[in-house]
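A short write-up of the structure that comes next.
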Amino acid sequence: QVQLVESGGGLVQPGGSLRLSCAFSGSIFSIYAMGWYRQAPGKQRELVATITSGDMTNYADSVKGRLTISRDNTNKIVYLQMNSLTPDDTAVYYCNAARVNFAYWGQGTQVTVSS
């Protein structure tokens, strides 16, 4: 059974940076497509960024140029480097692992951008 544990969230001022991490366990990490999603209060969960097993990346238009997804297949971790944060980035960020008909979610980590 795949388990995902996010970390690295917190409170940051506008213009600041954070790096989220998602630790993967329970299966072969390298064959999964990994992603970050977020859900703001009163809104639906939305895609932030994904990275395939072949390191192809995809980003929501709202985060292009500011957020970067990467993966470490040796240590089974996926990262989300977040720069130039704005209050609109405030949300709970969820890690996702997907393969064929399977999808797994972490418990989420809160990111709050506020002065």
Check side-chain contact (heavy atoms from CB on, under 4.5 Å) between T112 and all other residues, then give those that pass, not counting sequence neighbours.
->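 Only L11, T90, Q110, S114 meet the side-chain contact (heavy atoms from CB on, under 4.5 Å) criterion with T112.
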Would you mind reporting whether [Y] and [X] have side-chain heavy atoms less than 4.5 Å apart?
X: R71; Y: I77; value: no
X: Y104; Y: Y32; value: yes
X: M82; Y: V111; value: yes
X: C95; Y: W36; value: yes
X: R45; Y: R38; value: no
X: I69; Y: V78; value: yes
X: S53; Y: S30; value: no

Which heavy atom of Y59 sits nearest a heavy atom of K64, and at what distance?
-> O-CE, 3.4 Å
What is the minimum heavy-atom distance between P14 and S115, and which atoms define it?
-> CD-N, 3.7 Å
For N83 and S17, test the side chains for any donor-to-acceptor distance below 3.5 angstrom and give the result as yes or no.
-> yes
Can you list the steps and then say if T68 with L80 is a side chain to side chain contact (heavy atoms under 4.5 Å, CB included)?
-> CA-CA 6 Å; T68 303; L80 185 68; over 6 Å; no
ring-ring contact (aromatic ring centres under 6.0 Å, His included) evaluation trace for Y94 with Y37 = CA-CA 5 Å; Y94 296 91; Y37 292 72; 8.9 Å; no
Do you reckon F24 sits in the same ILVMFWY cluster as F102, going by side-chain contacts under 4.5 Å, direct or chained?
-> yes
Spacing of [atom1] belonging to [X] relative to [atom2] belonging to [Y], to within rounding of 0.5 Å:
X: L67; Y: D89; atom1: CG; atom2: CG; result: 6.5 Å
X: L4; Y: S25; atom1: CG; atom2: OG; result: 7.5 Å
X: N96; Y: M34; atom1: CG; atom2: CE; result: 7.0 Å

Just by modelled atom types, is the V92 backbone N or O under 3.5 Å from a matching donor or acceptor in the Q39 side chain?
-> no
Within 45° of the six-membered ring axis of Y79 and under 6.0 Å from that ring's centre, is NZ or CZ of R19 located there?
-> yes
